[in-house]
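To start, the structure under review is shown below, and the notes come after it.
Every value quoted in this text rests on a predicted model; they were computed, and no experiment measured them. Every number for a ligand or one of its atoms is a count from 1 in the order of the listing.
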Amino acid sequence: MTASIGRVVVLLGAPGAGKGTQAQILSEKLGLAHVATGDLFRAAVRDETPLGVTAKGYMDRGELVPDAVTIEMLLERLAKPDAEKGILLDGFPRNTAQAEVLDKALADKGGRVDVAPYIEVPEADLVGRLGGRWICRAAGHPYHEQTKPPVTPGICDADGSELYQRTDDQPATVQARLQQQLGALDLVVDYYRTKGVLKVVDGRQGIDLVTGDLLAALAPANG
Ligand code: ADP
Ligand code: ADP
């Protein structure tokens with residue numbers, strides 16, 4: 001952990017709800033560091049680090065990577081200097097054990113989770129979101145075949161890098177991810193509701209409308 005920590009926002013949502021899409025927009029608008037545990041794991045897998053070798057099997061099966069390695073990776077990331085400007089967490093915490101560790105780590109630095117917006121999308125919509133998803137190699141910018149196609153097929157609008165489909169977005173793994181992860185997400189949502197920081201946003205709307213609702217939820221008066 002850095003000596004101090006700025007505002008902490010936890011973006012919640014099921015796989016495919018739009019966390020990555022919105023986190024990239026919001027982190028830029030609000031000047032927060034975007035910390036996505038899925039992106040950190042994918043970089044480790046690509047670089048074949050020991051962490052990546054451990055994580056790969058779990059990711060391929062659509063399971064959560066064990067808490068011990070996930071939490072260590074997250075705390076190392078939060079120790080980087082850019083966390084001082086505040087952080088937008090995307091994909092962490094994914095169970096209540098992770099939520100408790102995060103609270104404790106933040107409390108040690110005099111910080112706390114300020115607001116936890118939950119992008120709510122019905123399970124029936126998630127399969128189509130994930131099946132049509134393409135992301136860029138350079139920075140993980142997400143696109144969708146129907147709802148957000150790139151200007152030039154196969155190329156990222158933002159940085160010109162190649163688009164690819166994640167292996168865990170294949171139908172069989174999507175089913176496994178939803179089956180294994182949605183129950184834990186419900187408990188995390190309840191955790192932040194009890195703490196009084198949860199803000200539910202309707203994620204069935206178009207991307208721009210969801211962004212608007214999230215910005216309203218994140219306005220200073222709202223935490
Ligand atoms: P999505 O945004 O589609 O839900 P992510 O990119 O966030 O997917 O995560 C991809 C995979 O990385 C997850 O299915 C899981 O295996 C692993 N992962 C990411 N974040 C966590 C976490 N906080 N705890 C455990 N595993 C995680
Ligand atoms: P997550 O990080 O929660 O797994 P993503 O941001 O990667 O979700 O979005 C999943 C897929 O759905 C992507 O293909 C993305 O382009 C698309 N998408 C994101 N938000 C919306 C939305 N509001 N409406 C329609 N499609 C969306």
* Asked: Do L32 and V9 have side-chain heavy atoms sitting under 4.5 Å apart?
  -> yes
* **Contact check: Q205 vs ligand 2, nitrogen or oxygen atoms, below 3.5 angstrom** => yes
* Short N/O distance, under 3.5 Å, between W134 and ligand 2? -> no
* Asked: Would you say the side chain of D168 lies within less than 4.5 Å of the side chain of R61, judging by non-hydrogen atoms?
  -> no
* Write out the residue and atom name of the closest protein heavy atom to atom 11 (C) of ligand 1, then the distance separating them to 0.1 Å. => M59 CE, 4.0 Å
* Going through the checks in order, is the salt bridge (Lys or Arg N to Asp or Glu O under 4.0 Å) test met by R7 and D114? -> CA-CA 6 Å; R7 188 167 194 226; D114 295 282; 5.0 Å; no
* Taking both backbone and side-chain atoms of G91, is any N or O found less than 3.5 Å from an N or O belonging to ligand 1? -> yes
* Structure fact -> OH of Y58 to CD of E63, rounded to nearest 0.5 Å, is 7.5 Å
* Asked: Of the backbone atoms (N, CA, C, O) and the side-chain heavy atoms from C-beta on, which set of R129 has a member under 4.0 Å from an atom of ligand 1: side chain, backbone, both, or neither?
  -> neither
* Checking D157 side chain against V151 main chain: does a donor-acceptor pair fall under 3.5 Å? -> yes
* Out of Q181, R94, R42, whose heavy atom sits nearest atom 19 (C) of ligand 1? -> R94
* Asked: Can you tell me if R94 and Q181 form a side-chain donor-acceptor pair at under 3.5 Å?
  -> yes
* Asked: Distance only, no hydrogens: is a donor on one side chain within 3.5 Å (strictly under) of an acceptor on the other, for D47 and T49?
  -> no
* How long is the span from the CD atom in E72 to the CG atom in L75, to the nearest 0.5 Å? -> 8.5 Å
* Asked: Would you say V35 and M73 are hydrophobically clustered, going by side-chain heavy atoms of ILVMFWY under 4.5 Å?
  -> yes
* Atom OG1 of T147 and atom CZ of R129: how far apart are they, to the nearest 0.5 Å? -> 6.5 Å
* Quick one: nearest non-hydrogen protein atom to atom 2 (O) of ligand 2, plus distance? -> G20 N, 2.8 Å
* Protein residue, atom and distance nearest to atom 20 (N) of ligand 2, heavy-atom basis -> I207 CG1, 3.6 Å
* How long is the span from the CZ atom in R177 to the CD atom in Q179, to the nearest 0.5 Å? -> 13.5 Å
* To do: Do me a favour and list the nearest non-hydrogen protein atom to atom 8 (O) of ligand 2 with residue, atom name and distance?
  => G18 N, 3.1 Å
* What are the atoms of ligand 1, with element, lying closer than 4.0 Å to any heavy atom of Q98? -> 22 (C), 23 (N), 24 (N), 25 (C)
* Asked: Any idea which part of R166 is under 4.0 Å from ligand 1, heavy-atom wise: side chain, backbone, both or neither?
  -> side chain
* Based purely on interatomic distance, does V210 place a nitrogen or oxygen under 3.5 Å from a nitrogen or oxygen of ligand 2? -> no
* Is ligand 2 less than 4.0 angstrom away from at least one heavy atom of G206? -> yes
* **Which residue and heavy atom of the protein sit nearest atom 13 (C) of ligand 2, plus the separation** => Y143 O, 3.7 Å
* What residue and atom, counting heavy atoms only, is the protein's closest point to atom 15 (C) of ligand 2, and at what distance? -> T21 OG1, 3.8 Å
* To do: Give yes or no for whether the N/O distance cutoff of 3.5 Å, strictly under, is met between D90 and ligand 1.
  => no
* Asked: Can an N or O of G132 be found at a distance shorter than 3.5 Å from an N or O of ligand 2?
  -> no
* Asked: Of the listed options (P149, P15, G16, G128), which comes nearest to atom 10 (C) of ligand 2 when hydrogens are ignored and any heavy atom counts?
  -> G16
* To do: With side chain to side chain contact (heavy atoms under 4.5 Å, CB included) as the test, would you mind laying out the steps for L11 and I119 before giving the verdict?
  => CA-CA 8 Å; L11 197 53; I119 308 174; 4.0 Å; yes
* Structure fact -> shortest atom 27 (C) of ligand 1-to-protein heavy-atom contact is with F41 CE1, 3.7 Å
* Mark up the atoms of ligand 2 that fall under 4.0 Å of a heavy atom belonging to A14, in ascending order. => 3 (O)
* Asked: Going by the order shown, which atoms of ligand 2 are within less than 4.0 Å of some heavy atom of H144?
  -> 14 (O), 16 (O)
* Could you tell me whether some N/O pair between L130 and ligand 2 is separated by less than 3.5 angstrom? => no
* To do: Tell me whether the guanidinium CZ or amine NZ of R137 lies under 6.0 angstrom from the six-membered ring centre of Y164 and within 45° of its axis.
  => yes
* State the atoms of ligand 1, each with its element, that fall below the 4.0 Å cut-off from a heavy-atom position in T70. => 22 (C), 23 (N), 24 (N), 25 (C)
Give the table of side-chain donor-acceptor pairs shorter than 3.5 Å for residues 184-191, with sequence neighbours excluded, one pair per line with atom names and distance.
from, atom 1, to, atom 2, distance (Å)
D190, OD1, R193, NH1, 3.0
Y191, OH, D103, OD2, 2.5

* Where ligand 1 meets E63 - atom numbers and elements under 4.0 angstrom, heavy-atom basis -> 15 (C), 16 (O)
* SB check R46 D39 (cutoff 4.0 Å) -> no
* To do: Heavy-atom contacts with T37 under 4.0 Å: which atoms of ligand 1 show up? List them by number with element.
  => 19 (C), 20 (N), 21 (C), 23 (N)
* To do: Any atoms of ligand 1 less than 4.0 Å from a non-hydrogen atom of R133? List them with their elements.
  => 3 (O)
* To do: Using distance alone, determine whether K148 and ligand 2 share an N or O pair under 3.5 Å.
  => no
List, one per line, each side-chain donor-acceptor pair under 3.5 Å for residues 206-220, sequence neighbours excluded.
from, atom 1, to, atom 2, distance (Å)
T211, OG1, Q22, OE1, 2.6
T211, OG1, I207, O, 3.0
D213, OD2, Q205, NE2, 2.9

* To do: Output the distance between atom CG (D82) and atom OG (S27), rounded to the nearest 0.5 Å.
  => 10.5 Å
* Asked: Going through the distances and angles, do V10 and L102 end up as a side chain to side chain contact (heavy atoms under 4.5 Å, CB included)?
  -> CA-CA 10 Å; V10 167; L102 177 65; 4.1 Å; yes
* Asked: N/O to N/O below 3.5 Å, does that happen between R177 and ligand 1?
  -> yes
* **Atoms of ligand 2, numbered as shown, that sit under 4.0 Å from any heavy atom of P142** => 7 (O)
* Asked: Taking heavy atoms and a distance under 4.0 Å, where does V65 meet ligand 1: side chain, backbone, both or neither?
  -> both
* Best match, L12, T211, T147, I119: closest heavy atom to atom 17 (C) of ligand 2 -> T147
